[in-house]
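What follows is a set of notes on a single structure, which appears directly below.
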Amino acid sequence: MILRRIVSLSLFRLLHDMPSISPSSYQLHSHCTTATNFDECRSNRTNFLNSMRNHCRSGELNNINQALNLFHLMATMSPLPSVVDFTLLLGFIVRMKHYTIAISLVKQMHSSLGLKPDTFTLNVAINCLCHLNLVAFGFSVLGTMFKLGFEPSVVTFTTLIKGLCVQGDMALAVELADHMEKLGYRSDVQTYGVLINGLCKIGNTSEAVGWLRKMEERNWKANVVVYSTIMDGLCKDGLVSEALDLCLEMSIKGIRPNLVTYTCLIQGLCCFGRWKEAGSLLDEMMKTGTMPDLQTLNVLVDAFCKEGKIMQAKSVIGFMILTAEGPDVFTYNSLIDSYCLQNQMNEATRVFELMVSRDCLPDIVAYTSLIHGWCKIKNINKAMHLFDEMVKAGFTPDVVTWTTLIGGFCQVGRPLAAKELFLNMHKYGQVPNIQTCAIILDGLCKGQLLSEALSLFEAIEKSNLDLNIVIYSIILNGMCSAGKLNAAWELFSCLPAKGLQINVYTYTIMINGFSKQGLLDNAEDLLINMEENGCMPDSCTYNVFVQGLLTKKETARIIKYLTMMRDKGFSADATTTEMIVNYKV
DNA sequence: ATAGGGTTAG
């Protein structure tokens, strides 16, 4: 039961525990920099409040100090403005993503001003807590809400469901949605939207589409947001054509794609090399009156950068300078990463310096890209130097930075140093994730340190991490390379029981293991077996098997499998070709 | 009258 999970901390204690902003940051400034002079308006209460409301609603309010000035002015009014006005202002502070400040202001409303928060105010607090990854505190506010006798609304639950999704707790999110319905609330389009987004984010797009249909059966009309969410999920899952189909379906229902829809689809198309279609879509959106914004253009820049098409990226940047307020930190970071991936560290460094000179501060992503670049060309000293520099600049390396550096040490043949970093990163507040584990295990295996890898693997298995097939494949590959075929086969056989879906990479690793040991019947059995299990061998699978056959000079089977490969449209790779060329009967 | 959903970089 979900409600059992609600810790009943009081709101007061909760807010007391929250970080608060320093008083100086919301002191009344002697002059107001907005178009309207609030000091003057202050004499006229109604004018002032109306002006505040207009500023909030028109979106003209886009500066946190302005918002804090307004709050301060409101707080010193007598009598105090209503909770409604305060909450309106809070909403805008939230829109500016100043969650900690918003929570601190709710606290002030309550403790210093003696204003009783209502459901709306508490929903703002819950939303902020969820954004700060403090969902448990969000639930305690829900508890408080019950205690104070306020009815939570669908908004309250939807906010919490979103928090659970972001935290990666999909099962609990669905449970809360069910529970909410049992309490007599009805999920609305936004509730479904949040759940659908959660499903997409964990790559479960087919279920997301299922929920879309379920929602339609219950007579909720999906809107452009729900459709765009799923389209983005499909694109990120590589199902770009399905996303385009869904866009068509949406259009037939009379819902027009908007800027976000186009951005998602263009990214999907670019990402899979469908440049021409991306271009037509860009054309279509502009012809129908939707101009690409900075974010859309950044998507294009990044896609070109990833393909190494720097010239095209630069021409998009040219367009961006004319039509949008760019380039921004995303644009520069895409360029930096592109140069790093092409081992052009001088160019990458130049862009890094350029962004500094243009008052666009490099962030943790910029630093991590450069660190990755230096690691890639095996200059671990430069990488370490940048790591230091970034810490000096006030950035806390996150799990991606650590993983990059750990990979760097593996790259230069120092897997034990990498392991030290892996074991010590938690002292700096960072917990390894599944990618970190994959990098270090692979590094140890490739460095011929299988027993080191296995003992670490055992420790990782005992942790809370949900190990995936990639991790097991790395270990299997390590075992096979070290000639421990029996151990590998034993582990391989356990995978289904662990609920893991064996994929083409895993099968290929085992087939390669058998082939390299000359156990060609075992390899062939597995090749047939995988196909029967619905996992299609790819070009690599056939190549490693044929290489085994070539070594053993199994002429009949060599011909059989090379023919099979040709029929399936696969070709011999460099190694296979060389073996064929040098084949002596 | 005030609150909740979708898109960009390592």
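Side-chain atoms are counted along with the backbone in the values below, which use heavy atoms only and exclude waters and symmetry mates. Residue numbering restarts at 1 for every chain, and letters A, B, ... go by the order of the sequence lines.
Looking at every heavy atom in both residues, A/Ile364 comes nearest to A/Thr368 through O-OG1, 2.6 Å. Closest approach of A/Ala67 and A/Met96 over heavy atoms only: CB-CE, 3.9 Å.
Judged by atom type and distance alone, A/Asp363 does not reach the base of B/dG10 through any side-chain donor-acceptor pair under 3.5 Å. Scanning atom types as modelled, no donor and acceptor separated by under 3.5 angstrom connect the side chain of A/Thr156 and the base of B/dA3. Applying the 3.5 Å distance criterion, the base of B/dG10 shares no donor-acceptor pair with the side chain of A/Ser369. Contact annotation: side chain of A/Ser228 to base of B/dG6, donor-acceptor pair present below 3.5 Å.
Across all strands, A/Ser153 comes closer than 4.0 Å to base atoms (heavy-atom distances). A/Val400 comes within 4.0 angstrom of a nucleotide base, judged by non-hydrogen atoms across all strands. Note on A/Asp118: a base of the nucleic acid sits closer than 4.0 angstrom, heavy atoms only.
You'll find the ring centres of A/Tyr428 and A/Trp402 inside the 6.0 Å limit.
Non-hydrogen atoms lying under 4.0 Å from DNA chain B are contributed by A/Lys306, all within residues 306-324 of chain A. Within residues 253-267 of chain A, the residues that place at least one heavy atom under 4.0 Å from DNA chain B are, in residue-number order, A/Asn258, A/Val260, A/Thr261, A/Thr263, A/Cys264, A/Gln267.
Across B/dG4, B/dG6, B/dT8, the shortest atom-to-atom separation from the side chain of A/Lys236 is found for B/dT8. Among the nucleotides B/dG10, B/dT2, B/dG5, the one closest to the side chain of A/Val83 is B/dT2.
Each of A/Phe387, A/Trp374, A/Phe352 was scored for a ring pair (Phe, Tyr, Trp, His ring centres under 6.0 Å) with A/Tyr367, with one residue passing: A/Phe352.
A distance of 5.0 Å separates CG of A/Leu269 from CG of A/Leu244, quoted to the nearest 0.5 Å.
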